[in-house]
Amino acid sequence: MSIKWHHIALYFLLAQLVGCATANHSPAPVTSVQGYKAELKSRIYGSSYRVKKGDTLYAIAWRSNQDFKFLAALNQIPNSYEIYPGQVLKLQGKIPAPVYKKPVSVKVVKAPSNHKNSAKTSVKTPSTPLAKPATTKTIVAKAPVKSKPVVKSKPPVKVTPVTKPKAVVSNNQLKWGWPTSGKLISTYSTSKSGQQGVNIGGTLGRNVIASENGRVVYSGNGLRGYGNLIIIKHNDDYLSAYAYNQKLLVKEQQWVKAGQKIATMGNTGPNSGAELYFEIRFRGKPVNPMRYLPKR
């Protein structure tokens with residue numbers, strides 16, 4: 001009997017220990033932090049980055065939370081923002097001061113002027129002892145007359161006018177709109193574990209529209225964790241991103257209008273519901289989209 005009681009006491013002791021261990025390691029509550037997870041997967045850390053095939057300056061700036069204009073100036077990239085595979089980009093540092101070349105002084109030698117009273121050259125003829133004193137002959141030196149080449153006139157070249165998009169609006173004139181309809185699943189958070197955008201739920205194939213006028217600077221799936229992603233540049237300060245799309249309907253360098261359909265809603269995985277992850281960035285830094293989007 002004493003042995004059984006010992007066994008029972010040992011059983012209860014083990015049960016309490018297991019219960020304590022389980023309580024101390026209980027899983028955290030599940031929340032929708034897909035945007036934050038995507039950001040962690042896609043982030044670029046360090047002071048430099050080697051460009052890979054398919055990279056763009058906008059995508060690299062997005063992944064490193066940098067302003068694309070800063071990266072361009074830091075690496076002395078022209079306004080075309082073209083980069084190439086294998087190129088090593090600085091992500092940190094000071095923008096180098098512009099180098100001004102000293103102008104080269106060139107001496108201009110003026111040609112002698114051709115006036116009517118040209119310089120006269122005196123040529124003396126040799127004299128002989130029996131001859132009369134030689135008279136002086138004056139020869140006027142004239143410049144040779146050059147015939148001008150005949151230039152055939154070419155027919156005028158017809159230039160096709162390039163239609164330019166409307167001028168980019170200033171920051172205070174931007175009128176943001178919701179990128180899709182649906183329930184707001186999660187919002188922006190400033191905490192370390194929070195996400196940098198908002199998740200909007202919906203149904204597969206639902207329309208995703210441009211939140212404001214702008215130019216598409218990224219359209220693809222090369223940024224890990226974002227799925228099919230679109231990034232739109234609205235002006236030199238603001239970018240917006242649309243992630244987890246099912247289908248992309250616009251291409252890079254394409255100009256889009258606010259409310260224009262740019263994609264269809266997808267999901268983050270085979271067992272998850274349809275949703276759109278949306279971000280707004282000001283000079284490379286994520287900002288709270290709820291401060292810009294109109295109230296529903």
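From a predicted model like this one, the values you see are computed outputs, not experimental measurements.
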Closest approach of Asn207 to Thr180 (non-hydrogen atoms, all atoms of both residues) | O-OG1, 2.9 Å
Kindly write out the residues that satisfy side-chain hydrogen bond (donor to acceptor under 3.5 Å, both in side chains) with Ser181, not counting sequence neighbours, or none if the list is empty.
-> none
Which pair of non-hydrogen atoms, one from Ala210 and one from Ile232, has the smallest distance, and what is that distance?
-> CB-CD1, 4.0 Å
Side-chain donor or acceptor of Ser211 paired with backbone N/O of Gly177 under 3.5 Å = yes
Leu71, Asp55, Ile77 screened by side-chain contact (heavy atoms from CB on, under 4.5 Å) with Leu89, the one that passes = Ile77
Answer yes or no: are there more than 12 heavy-atom neighbours, outside Lys90 itself, under 6.0 Å from its atom NZ?
-> no
What pairs meet the side-chain hydrogen bond (donor to acceptor under 3.5 Å, both in side chains) rule with one or both residues in residues 282-296, with sequence neighbours excluded?
-> Asp237-Arg283, Tyr238-Tyr292
Steps toward side chain to side chain contact (heavy atoms under 4.5 Å, CB included) verdict (Tyr188, Met290) = CA-CA 8 Å; Tyr188 173 90; Met290 303 303 292; 5.7 Å; no
Sort and list the pairs that fulfil side-chain hydrogen bond (donor to acceptor under 3.5 Å, both in side chains) and have at least one residue in residues 78-87, not counting sequence neighbours.
-> none
Evaluate the criterion side-chain hydrogen bond (donor to acceptor under 3.5 Å, both in side chains) for residue pair Glu212 and Ser240; output intermediate values, then yes/no.
-> CA-CA 9 Å; Glu212 240 292 9; Ser240 63; over 6 Å; no
Heavy atoms only: give me the nearest Ala241-Leu229 pair and the separation to one decimal.
-> CB-CD1, 4.0 Å
For the residue pair His234 and Asn213, what are the closest heavy atoms and their distance?
-> ND1-O, 2.8 Å
Heavy-atom pair of closest approach, residues Val256 and Gln260 | CA-OE1, 3.3 Å
Heavy-atom pair of closest approach, residues Leu57 and Ile83 | N-CD1, 3.5 Å
